[in-house]
Structures are given as structure tokens and as C-alpha cells.
2 protein chains.
Amino acid sequence: MKRKIDKQLDQSTEEKIKAAAYKLFTQKGYAGTRTRDIAEESGINLALLNYYFRSKEKLFDLIMADNMKQFMFGIFAITNDEKTSYEEKFTLIVNAYIDMLTIQPDMPIFVLSEIRYDPSGLIEKMQLDSTIMNSHMIKQLKQASDSGEIEEINPIHILMNILGLTIFPFIGSPLLKKIGGMEDAQFTAMMQERKKLIPAWIKEIIKKK
Amino acid sequence: MKRKIDKQLDQSTEEKIKAAAYKLFTQKGYAGTRTRDIAEESGINLALLNYYFRSKEKLFDLIMADNMKQFMFGIFAITNDEKTSYEEKFTLIVNAYIDMLTIQPDMPIFVLSEIRYDPSGLIEKMQLDSTIMNSHMIKQLKQASDSGEIEEINPIHILMNILGLTIFPFIGSPLLKKIGGMEDAQFTAMMQERKKLIPAWIKEIIKKK
DNA sequence: GTCTATATACGGATAGAC
DNA sequence: GTCTATCCGTATATAGAC
């Protein structure tokens, strides 16, 4: 007889498959991942993959949705928080991404690759436009701009800057490590430095001169 | 009889295959591209692909090397030019990338994905470390730092900033367009704006306060 | 050099026993 | 739920005629 606690100790078969699929899809993309590899990685039988998830594509859709949620959730929650200043939001966004991507460095390139190649228009189904462009942060920036506190600048530029400065180093990390002659530990240390540097840079950039 | 000028008018079969392979590999990656699609796209027979290039992988290696060269060549040439100031180099790098990526927006995510997934250690074969870290630009920055003109900062941070601010918007363009409710033309216009903005921001960031 | 036809292997998916 | 065995479509690659 299984006791309740077993559920936490050993993963269910379904969870094992999902975990393996998550790892492989994120690493090698949809086309580069074979269902046989997922089965082997999770230590289960190939037939069980179809038993639980019907098809490779259905399994992928689940993983992709998970990834997208993780990739976007932080920024949704942070930009809409009415209790923080826009400066604090910069710091919160940068910290959230750096902490997440330090653990999962493959995620952004996976998400952005699959969105880009996607033949089925995955991105069309999401309502991203309203959610971020109507966020509390955008209102704060508009107000700061109107009062002459910061430069007049398209908020999309600011978003590009925050995400570019924060996410790009992870996307380019193999190249950047090679160029800088860095080990993983050094790279991680640099990204920790950037938690302080990036918010300061962004403020500097938008400040009225 | 073929005249010399024909060589420019109609591509050779080999060139047609290469062009199609370039397009498809860059768009969909190695695993996502089928040799049949390359044949169809280039209007040639499938067997000719193997006749000219021996295998899919060999063809891919050619395309990849081309892409890498394009992706890195600008920065090599610019950072080592002894006739320009480091400020001018910022502008030249940003302009070169924005011009290139406006035409070939898929390139960076392709190159960086394939480098990341690469099982055969492609990146190890390149000597990137010495080429950029010993460049004229790095020396100029060190000198400016020693003389108190700019902040003391790891030049890798500066490289991350230039590339992140410039390249990331292209990598994330489908998402950013959706978020900002932009058409292609608007996005392109924004990137043209950034040709002026980014160099100014970088200078601002490193300036001694 | 270019084609048609085909060998060969691989990958996704299922049938059916346990 | 889980396994073995297998089907079947597809993808790379080649043989051989022209």
C-alpha cells in the first residue's frame, strides 16, 4: 500500500516524463528532441509517453505553456504592482530574471526560438499587448515623463533595454564566456554584479539631463 | 555557349542550394530543416544536394561557418581599427549590427542556438578570446579608465551592454512587436532610432561621475 | 551534371500481452 | 499502468540511367 507521503518522495510516471521532456525540449528544441530520448531520460517506456500525453506535440505544448508562463509571469506581476515605484520595479524585474536564468539558462533562447519558428502562430493566442502596455509601470513612467523627471522616451525602448541588458548575457553566454575566458562561476558572479548595475544604468539612461 | 556574364545573371546549382540552405537553416535550425525542403526551395533535385555537398551535415557546417563569420566579422574589424576612438567604435558596432539584422533578423538566434546546443563543441575551435580581449578597443577603454575619464568596469560588461541593447530586440522581436502593438515598419523605425540612442547610452553609462 | 528509383535507417505512434 | 513488438510514414543518402 502506498502512503500519502510517497507522492512527494517519488515522482509519478507522468511527472517523470514531464520533467525529462522539459529538460530536453528546453535544451534542444522541439525538432531536435526525440520521444525516445525523453523516454530514456525519464527511465520510462516509450509507449507510456503516448499513453499519458497522446503525442509528442501535445506534450510539447504543455511544456511550452509552462515555459511561457515562467518567462512572462514575473514581469506581469511586477509591472502591475501598485505599491512599488518604477525604480523599484526595475530592480525587481532584473533580479527575478537573473535568479531564474541562473538556474535555467536555456529557457529564453528556447522560448524565443520556438516563438520565432512557430508555424501555428502560438503568440497570437496570447494577449500580451494590453497586459504590459497598460501596466502600472507604464503609467508611472508616463507621469514621470510628463512632470519632467525623466526623458520622453518610448516605453518599449525601456523594455528592450531592461530585457536586453538582463537576458542577452544568458542567451550569448557560451560565446561571452569564451571571449572573456570565463568559467561558469565567474559568469554567474558577473550576473550577480549586474543585479545592481543594470537598474542603476536604466535610471541613468532615462534621467532628464 | 555560356557567356561570362551569365555567371552573375543565373546562379550555379551549387549556389542555389547554398542560398536555399542558408535561408532554411537560419530560419528553422539544423534539426528543423529537411533536405527535401532545401531541394524544393532551390528548385533543384534532391540527389544534387548530396552530389555537391556529400551530406546534410557537411552543408550545414558550411552555412554555419558563413553565419558565424558574418556575425563576428564586423566586431573584429571595428574593435581593432586603430584610427577610431572608442566612442566611434560604439557607433560603428551598433550601426553594423542593426543594418545587418534588419535584413537578417533570424541570424543571431540561429547562431546562438546552434552554438548552445552544439554537441561537437563548435565554439572550441574558434579563437575568440584573444581576438577581442586584446583588441584596440579594449586598450582604449583601459587607458580611459586609468586616466579617470570613465568608470572602472569589466570590459565584458560593456560588451554585454552593447550587444544586449543592439541584438536582443531582434531576438525578441515577435514578442516585442506583440507587446508594443507594432507593425514591422514601426519596429524597423525604432531600431533606426536606436542607432543614435545606444551609443549615447553606453557613453553615459561608463562616464565617470 | 541531372534525373528517377530505391535502399536504409529513424522516429512517432499503436496493438496487444501481462 | 507498463511492457514488447511492430507498423508506417518520413528523412537521408545512394545507385544507376541518361
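Residue numbers begin at 1 in each chain, while the letters A, B, ... track the order of the sequences.
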Does [X] have any salt bridge (charged side-chain N to carboxylate O under 4.0 Å, His left out) partners at least two apart in sequence or in another chain, and if so, which?
{"X": "Lys56(A)", "value": "none"}
{"X": "Lys195(B)", "value": "Asp99(B)"}
{"X": "Asp37(B)", "value": "Arg34(B)"}

Which pairs, with at least one residue in residues 58-67 of chain B and sequence neighbours excluded, count as a salt bridge (Lys or Arg N to Asp or Glu O under 4.0 Å)?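 The answer is none; no pair qualifies.
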Please enumerate all residues that pass side-chain contact (heavy atoms from CB on, under 4.5 Å) together with Asn50(B), with sequence neighbours excluded.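 Testing Asn50(B) for side-chain contact (heavy atoms from CB on, under 4.5 Å), a comparison that skips the adjacent residues, returns none.
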Has Thr13(B) got a side-chain N or O lying under 4.0 Å from the OP1 or OP2 atom of dT2(C)?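 Looking at the OP1 and OP2 atoms of dT2(C), one of them is under 4.0 Å from a side-chain N or O of Thr13(B).
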Given atom CD1 of Ile44(B) and atom P of dG1(C), what is their separation to the nearest angstrom?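 After rounding, the reported distance stands at 13 Å.
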Whole Å only: how far is the CZ atom of Phe25(B) from the P atom of dA11(D)?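 Between P of dA11(D) and CZ of Phe25(B): 14 Å.
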Indicate for each nucleotide in nucleotides 12-18 of chain C, in 5' to 3' sequence, whether protein heavy atoms under 4.0 Å reach the base (B), only the sugar-phosphate (S), or nothing (-). BBB----
